[in-house]
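Let me begin by presenting the structure, written as structure tokens, before commenting on it.
All values reported here derive from a predicted model rather than from experimental measurement. Side-chain atoms are counted along with the backbone in the values below, which use heavy atoms only and exclude waters and symmetry mates.
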Amino acid sequence: MMRMASLARLEFLPEHRQPSAARVLLAAVAAILGSLIADAIVVVIGQAVFPATKGYVHVQFSDYSRLTVIGVVIAAAAWPIVTRITWAPRWLFFRLAILVTLVLWLPDLYILHRGQPTEAVAVLMVMHLAIGVVTYNLLVRAAPVRPAPIAASQPDVES
């Protein structure tokens, strides 16, 4: 168990301080907006490259926007937790973002297996990747951990 905690760089009393709640909230709002914009760009490019994806239900704003917001809110809630349990929060959060993206591709692969159009599923997979990239970067950069408070100065001890 300790080995696994060490591999994950867990430390339940890290020296850094949590990101401020205001910064996390601001980063979450920016990540939601940025992810929705990234989704829309991916859809426009996807439909230009694969015209058959026009009208595909899962690339309609009404379908993907709700799920995007939910996913980003979950990620934003996870960021302060990660910063609390590890001495290397960006390192761990990056790996968690990759893992979550891979897990979110499973339903995409399932619907592909069930006969959904390959091009449309490819657009969905790129959307998931874009959301992960945008959300990770905005959370870790706009709501970074803060340095540990400087300890009260110690009186100089002469040797």
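Under the 4.5 Å side-chain contact rule for hydrophobic residues, V123 and V44 do not share a cluster. Note: the hydrophobic cluster containing L25 does not contain I32 (ILVMFWY, side chain heavy atoms under 4.5 Å, direct or indirect links). When hydrophobic clusters are built by joining Ile, Leu, Val, Met, Phe, Trp and Tyr residues whose side-chain heavy atoms come closer than 4.5 Å, directly or via intermediates, L139 is grouped together with I37.
Atoms CG and CD1, from L92 and I81 in turn, are 11.5 Å apart once rounded to the nearest 0.5 Å. The line from NE2 of H113 to CG of D108 is 14.5 Å long, rounded to the nearest 0.5 Å. With rounding to the nearest 0.5 angstrom, the CG atom of L96 is 9.0 Å from the CH2 atom of W91. Put simply, OG1 on T101 and CE on M125 are 10.5 Å apart, with the number rounded to the nearest 0.5 Å. With values rounded to the nearest 0.5 angstrom, L129 atom CG is found 9.5 Å from L102 atom CG.
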Between side-chain atoms of residues 59-78 and protein atoms elsewhere (two or more places apart, or another chain), which donor-acceptor pairs fall under 3.5 Å?
residue : atom : partner : partner atom : Å
Q60     : NE2  : Y56     : O            : 3.1
D63     : OD2  : H58     : ND1          : 3.1
S65     : OG   : F61     : O            : 2.6
T68     : OG1  : D39     : OD2          : 2.7
T68     : OG1  : Y64     : O            : 2.8

Donor-acceptor pairs are to be reported for all side-chain atoms of residues 47-54 against protein atoms at under 3.5 Å, with residues two or more places apart or in another chain.
residue : atom : partner : partner atom : Å
T53     : OG1  : F50     : O            : 2.7

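At least one side-chain heavy atom of L124 sits less than 4.5 Å from a side-chain heavy atom of I111.
Applying the side-chain contact (heavy atoms from CB on, under 4.5 Å) rule to L33 yields the partners V29; only residues at least two apart in sequence or on another chain are considered. Residues that satisfy the side-chain contact (heavy atoms from CB on, under 4.5 Å) test with R141, not counting sequence neighbours, are R90, N137. Scanning for side-chain contact (heavy atoms from CB on, under 4.5 Å) contacts around Y110 gives R114, with sequence neighbours left out.
Proximity of a side-chain donor or acceptor of W79 to a complementary backbone N or O of A143 within less than 3.5 Å is detected.
The two atoms that bring P144 and P19 nearest to each other are O-CB, 3.3 Å, heavy atoms only. Across every non-hydrogen atom of T86 and V82, the tightest pair is CG2-O, 3.0 Å.
Sequence neighbours left out, the pairs with a member in residues 21-38 that pass side chain to side chain donor-acceptor pair (under 3.5 Å) are S35-T135.
Residue V134 shares its hydrophobic cluster (ILVMFWY side chains chained together at separations under 4.5 Å) with L138. In the hydrophobic clustering (ILVMFWY side chains linked at under 4.5 Å, chained through shared members), L104 is joined by V100.
Using a 30° and 60° split on the angle between ring planes, Y136 and F94 fall in the perpendicular class, above 60°.
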